[in-house]
Protein chains: 2
Amino acid sequence: MKADVDAARRTAPDRVGVICQALRRAIIERALAPGDRLPEDALGERFGVSRTIARHALGQLGSEGLVELRRNRIAVVATPSWDEARDLFDVRAGLERLVVKRLAGRLTRAQVAELEEGIERERQAKGGPEPISIRLATEFHIRLAEMTGSPVLIRYVSEIAYRCCLTLALFSRPHSSDCAVSEHLEIVAALAGGDADRATALMDHHLDAVAGRALLSEATAKPRNIMDVLAPYALDAAPSKGGRGGR
Amino acid sequence: MKADVDAARRTAPDRVGVICQALRRAIIERALAPGDRLPEDALGERFGVSRTIARHALGQLGSEGLVELRRNRIAVVATPSWDEARDLFDVRAGLERLVVKRLAGRLTRAQVAELEEGIERERQAKGGPEPISIRLATEFHIRLAEMTGSPVLIRYVSEIAYRCCLTLALFSRPHSSDCAVSEHLEIVAALAGGDADRATALMDHHLDAVAGRALLSEATAKPRNIMDVLAPYALDAAPSKGGRGGR
DNA sequence: GGCGCCACGTTTGCATGCACTTTCGCCATG
DNA sequence: CATGGCGAAAGTGCATGCAAACGTGGCGCC
């Protein structure tokens, strides 16, 4: 019955999902940069699982476009070309238009509050480390998608948002997410006000602006020890050191 | 370089992909119906591979939403609910609008010919077995997406088109794809003529019509999920526990 | 006769092992 | 000094083995 379900949940760690999420986070916060190598066994060792699991996780991320898988070769964090980046942002704009269309005038007071709270966190993080800002900004868009209640939309927007982060890591200049806060606020205001046209226009402009800021120059990749970078992300996933990790 | 790539291709059977494609086709042609069980070892035996590969393929299809994976349980072909079906068609319309917007007025003569040739095949198959018609109609939409040259769009449209086939298998009445041929022709004509507005309108109408024919009402649906069938009967019999399982 | 429990077969979860491929350092050669 | 080939090391591709979990049939108990 209920207890059995709970027991099943407790004994169902879904380690593949945990690793995927950890890697996604690492990518979104730029701990992992495009081109970084992700060998199966190093990954497995880091997360305390066998290659089988690590391999599965890589397969998943590969199908999401975050990781490049080539046969007989080490998986690497995807390195989108400039064209792909433009394409990504373009499709993303289309998808997020769908999101705001569904949301305009339909947000509950609680949802608006939740969004504004998130934006407040963005504002507070503005002075702090850039990766956090990027993560928070991305989470805003994903939270928006989640509020549509459409599983497909949620999946696609999340996926493409992560991939866009990847392109930002490649092409953007340092202070590229400055105005995101006010733009996010405006979008929420338009949504709360039920002005669908204004909301879509704002969202379009917002993404255009992000893409414009992002796709101007080309940055240089900086090689380093990827597995060390992963350490903090492995902490709440690996069985080592009993450090319980919520989430 | 080119030679290396070719060599890699030759020695790269990519059996996971082969199995995925086979299953996708089986689903699209209704050889596999929602709820059908897909045990790993049966699959592996059928395709001459080990469970490892079959498992990988199932994971892939699971992330595409074609297969339902529950921990420690046999994978089954996905059984979308009526709400999910509506959502699917809605998002699909949005995506395909993006496709026609990109394509309007940009199709080469060869591409138009290719599309019309495909539609001709659809017309010829009209008298034949229904699964073939469905497959051809779906391939039209996928081919359209492919012509955008946008990998993301291609992936999303393909995926969602396959999933829509699944909902058709569940909810549609026998002769539901009759008018698809003429509607497809009109869309191609509008695209070739460069009339983006008309093309999007036609595509909207087309998908609306397909969804309408398919999803007429919840009442006409013929759900195969026995538990769902029983739900109304359980209402005055069961104590409470309206809890729909899963996910 | 109905109900609950247990034990068995089936199926998945995961790790490991082996074969094959790629990569890279090293040495011989021009 | 540059270069080309070779061999070891590293890494992936895949199958198989074992343990745990699920579902089911049978049995005993009420």
Side-chain angles (χ1 to χ4, degrees), chain A residues 1-20 23 35-63 67-77 223 225-227 230 234 237-240, chain B residues 1-20 23 35-63 67-77 225-227 237-239 245-246:
Chain A
M1 305 220 254
K2 271 285 167 70
D4 293 341
V5 173
D6 285 344
R9 287 263 177 277
R10 222 183 313 108
T11 55
D14 186 16
R15 314 196 255 179
V16 174
V18 170
I19 297 180
C20 281
L23 289 179
D36 283 351
R37 293 148 62 101
L38 300 168
E40 294 175 358
D41 39 9
L43 228 63
E45 193 178 354
R46 193 40 102 185
F47 286 94
V49 298
S50 80
R51 282 203 306 126
T52 308
I53 307 299
R55 185 184 183 74
H56 240 84
L58 286 174
Q60 173 84 31
L61 294 171
S63 80
V67 161
E68 271 171 32
L69 300 169
R70 276 148 62 210
R71 194 178 175 81
N72 283 318
R73 290 205 171 67
I74 301 180
V76 297
V77 177
N225 189 334
I226 294 101
M227 286 309 128
L230 275 182
S240 59
Chain B
M1 280 168 68
K2 269 288 170 63
D4 291 345
V5 172
D6 284 346
R9 287 262 176 279
R10 222 184 313 107
T11 56
D14 187 16
R15 314 196 252 179
V16 174
V18 169
I19 297 180
C20 281
L23 289 180
D36 282 352
R37 293 148 63 101
L38 301 168
E40 293 175 359
D41 37 7
L43 229 60
E45 194 177 352
R46 177 57 78 193
F47 287 93
V49 298
S50 81
R51 282 202 306 124
T52 309
I53 307 299
R55 184 184 183 73
H56 236 86
L58 286 173
Q60 174 83 29
L61 294 172
S63 80
V67 161
E68 270 171 34
L69 300 170
R70 277 148 63 209
R71 195 180 173 83
N72 283 318
R73 284 196 180 67
I74 301 180
V76 297
V77 177
N225 184 326
I226 293 107
M227 287 307 133

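Quantities reported herein were computed from a predicted structural model and do not represent experimental measurements.
- Distance CZ (F47(A)) to C1' (dG13(C)): 19 Å, rounded to an integer number of Å.
- Along DNA chain C, the nucleotide nearest to T52(A) and the one nearest to L38(B) differ in position, and the one closer to the 5' end is contacted by L38(B).
- A distance of 9.5 Å separates NE2 of H56(B) from CD of Q60(A), quoted to the nearest 0.5 Å.
- Contact of the L38(B) side chain with the L61(B) side chain is not registered, since no non-hydrogen atoms from C-beta on lie closer than 4.5 Å.
- Minimum atom distance to the side chain of R15(A) is reached by dC14(C), of the listed dC14(D), dC14(C), dT12(C).
- One can place CZ of R51(B) at 11 Å from P of dT11(C), the figure rounded to the nearest angstrom.
- Distances shown here put a side-chain N or O of R73(A) below 4.0 Å from the OP1 or OP2 atom of dT23(C).
- Closest approach to the I74(B) side chain among dG13(C), dT12(D), dT11(C) is made by dT11(C) (side chain taken as heavy atoms from C-beta onward).
- H56(B) has its NE2 atom 9 Å from the P atom of dC14(D), to the nearest Å.
- Nucleotide dG13(C) holds its P atom 10 Å from the CG atom of L58(B), rounded to whole Å.
- E40(A) has its CD atom 11 Å from the P atom of dG11(D), to the nearest Å.
- Remark: R71(A) is in phosphate contact with dC14(D), judged by side-chain N or O atoms under 4.0 Å from OP1 or OP2.
- Rounded to a whole Å, the CZ atom of R70(B) is 7 Å from the P atom of dG23(D).
- To the nearest angstrom, P of dT16(D) lies 16 Å from CZ of R55(B).
- I53(A) CD1 to R55(A) CZ: the interatomic distance, rounded to the nearest 0.5 Å, is 12.0 Å.
- D14(B) CG to I19(B) CD1: the interatomic distance, rounded to the nearest 0.5 Å, is 9.5 Å.
- For the pair I53(B) CD1 and dT12(C) C1', the computed distance is 16 Å after rounding to whole Å.
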